[in-house]
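Remarks on the structure that follows.
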Amino acid sequence: MKNLIFSVSLLLFFCNPPTILAQSPAEAPSPDSDGPPSIYKILKKSGQFTILIRLLKSTQVGSQMNSQLSSPNSQLTFFAPTDNAFSTLKTGTLNSLSDQQKVELLQYHMIPDFVSISNFQTLSNPVRTQASDTYEYPLNITTSGSSVNISTGLVNTSISGTVYTDDQLVIYQVDKVLKPLGIFNPRPLPPAPAPAPVKHKKNTAAKSPVASIDASGGGVSLMIQTGGSLFSIGVLMFGALFL
Ligand SMILES: *[C@@H]1O[C@H](CO)[C@@H](O)[C@H](O)[C@H]1NC(C)=O
Ligand SMILES: *[C@@H]1O[C@H](CO)[C@@H](O)[C@H](O)[C@H]1NC(C)=O
Ligand SMILES: *[C@@H]1O[C@H](CO)[C@@H](O)[C@H](O)[C@H]1NC(C)=O
């Protein structure tokens, strides 16, 4: 019986070996020598991004990435959520999104720049992603040592491995879908700049100067200290007439 349990667990172990998450850039697969890398090919090879691949295909964001990367000057950092990451979303979450929201969600996982692990500390927050703006799509990235933490305001996670890197494209594995506020908890848009406050001269003039009464010399004199503005004094005296 013991033997049976042992062999069953051994079997399970071999069928489902623990995945090695952290992969140093040097060990990551190198680009195909013929032409630019295909985002689909890279993700497929890893085996744990089937939902992401489906989403990249249905929105055509994947082919946009491929054509962008065919230009040698373009650079891209991509946070790739695993199938496990997608499976922790509430059922129906992806289906409830509009096409535009799916596109923005994917673009939110991309930085239009090549950011190596050691370069994350040089970014300033909020980090500009490919999504439309940093107000609805804020993303903060902080580092401590070699760990890189990502915060969306709704989700905290860290980079758990490098899936792929060449000198143009780097793909990091994340174990949570980066849920942007703009889609999952929209904030009211920022208020328009407030109009300049209307000055009520009588009130401000009565408040700002400091008046003190000096009764020490027998006579009573009123000393008014202002910022040195005759205008204010005038207003105060004008106000005083009505007291
Ligand atoms: C990163 O996140 C871990 C927990 O996931 C936390 O312990 C650590 O303090 C965070 N570091 C930074 C720099 O935010
Ligand atoms: C990002 O960091 C700033 C400043 O530390 C903070 O005010 C803001 O709420 C953070 N945003 C998110 C999405 O974590
Ligand atoms: C994310 O981390 C920040 C600071 O460490 C914390 O205040 C916040 O509650 C966390 N948010 C979530 C959704 O876990």
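All ligand and atom numbering here is 1-based and tracks the order in the structure.
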Option among Tyr164, Phe78, Phe114 that satisfies the side chain to side chain contact (heavy atoms under 4.5 Å, CB included) test with Val170: Phe114
Collect the protein residues that have a non-hydrogen atom under 4.0 Å from ligand 3 and hand them over in chain and number order. Leu154, Asn156
Using modelled atom types only, decide if a donor and an acceptor are shared between the side chain of Ser151 and the backbone of Asn156 within a distance under 3.5 Å. no
With Pro81, the side chain to side chain contact (heavy atoms under 4.5 Å, CB included) member among Leu52, Leu178, Ile51: Leu52
Is the centre of the Tyr172 ring less than 6.0 Å from the centre of the Phe120 ring? yes
Mark yes or no for whether Glu136, through its side chain, and Ile183, through its backbone, hold a donor-acceptor pair below 3.5 Å. no
Verify side-chain hydrogen bond (donor to acceptor under 3.5 Å, both in side chains) between Gln48 and Gln173, making sure each step is shown before the conclusion. CA-CA 10 Å; Gln48 48 178 346; Gln173 175 180 326; 3.1 Å; yes
Atoms of ligand 1, numbered as shown, that sit under 4.0 Å from any heavy atom of Thr143: 13 (C)
